[in-house]
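Start at 1 and go down the list; that is how both ligands and their atoms are numbered. Model, not experiment: these values are computed from the prediction.
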Amino acid sequence: MSRHYNLDKVTTIRLMKKKAKGEKIVCLTAYDYPFARILDEAGVDLILVGDSAANVVYGMKTTLTIGMDEMVYHTRAVANAVRRALVVSDMPFLSYQVSKERAIENAGRFLQVGAEAVKVEGAGPVLDTIQHLVEYGIPVMGHLGLTPQAVHKLGGYRLQARRREEQEQLVKDARALQEAGCFALVLEKVPGEVAAEVTRDLRIPVIGIGAGSQCDGQVLVLQDMLGMFEEPAFKFVKRYAELGQMVRQAVINYIDEVRSGKFPGPEHTFFTDEGR
Ligand code: KIV
């Protein structure tokens, strides 16, 4: 197999160049081979193996309860599918906070199964760890604003950076992540004007989710934008399909046809030479 990237391959450097050229960066989450393949073939720039897998794959209430083993398993499946997009794995709760050594070991596990970068939440206490990871050659994406691993401290999934002091802190944290070596930053659920200010302020690309249209790129959770679940998603999610309904209807049709004997028909059946 060639050791060289294909020319079109998305890299962390290419994402930075996209920002410089004013080209929007398109990101989605994926957790398995079939969807990762479709996303990659469609031309998404960055595929995030998000710890939102806890919610949309495992049905957990928060992202705090997913662990390294599950995240590595999903990363392997996604990385097997992807040829062009940059694959980024979310470091789950407690995989990077305990010590720098533990963070390197855990991030290394993701790179060993095909991830090309990792994402961590927050700033202050994790800045040293981020710098350490980058020094060891592991690209890191930051995540500020609504950081779901801190849901209990934040008191729910509410809009962040509403007040001036919080906005100033956000700008400081974003700059600190850039200085620590992050190649990009996810900004979640903050007012559009605040996200626009952070985007203008940073050299690295800012990828928004619930952060308005002025960011350098956008990310959504795949299951939300595909309309897999009936319950209404957050205000910032646009449903581009009603896949849940489509799948349910397809399964109902199958049940009906099996029960009525309509499936399998002759076109789905093998015959002996005599029976033909
Ligand atoms: O886990 C995730 O899917 C994320 C995105 C929402 C950015 O962190």
For His143, the atoms of ligand 1 under 4.0 Å from one of its heavy atoms are 8 (O)
Do me a favour and list the nearest non-hydrogen protein atom to atom 8 (O) of ligand 1 with residue, atom name and distance? Lys119 NZ, 2.9 Å
Closer than 4.0 Å to some heavy atom of Gly50 - which atoms of ligand 1 meet that? 1 (O), 2 (C), 3 (O)
Which residue holds the protein heavy atom closest to atom 3 (O) of ligand 1, what is that atom called, and what is the gap in Å? Ser52 OG, 2.5 Å
Stepwise side chain to side chain donor-acceptor pair (under 3.5 Å) test for Gln245 and Arg248: CA-CA 5 Å; Gln245 267 176 33; Arg248 197 171 303 111; over 6 Å; no
Thr75 and Ser89: side-chain donor and acceptor closer than 3.5 Å? yes
Could you check atom 5 (C) of ligand 1 against the protein and tell me its nearest heavy-atom contact, residue, atom and distance included? Leu48 CD2, 3.7 Å
Using a strict threshold of under 4.0 Å (side-chain N to carboxylate O), is an ion pair present between Glu168 and Arg164? yes
Residue part near ligand 1, for Asp51, under 4.0 Å between non-hydrogen atoms: both
Would you call Glu179 and Arg175 a salt bridge, taking side-chain N to carboxylate O under 4.0 Å as the test? no
For Thr29, the ligand 1 atoms whose distance to one of its heavy atoms is below 4.0 Å: 3 (O)
Quick note on ligand 1: atoms under 4.0 Å from a heavy atom of Ile209 include exactly 6 (C)
Just how far is it from atom CE of Met16 to atom CD1 of Ile25, taken to the nearest 0.5 Å? 10.0 Å
Test: Asp8 and Arg14 ion pair at under 4.0 Å: yes
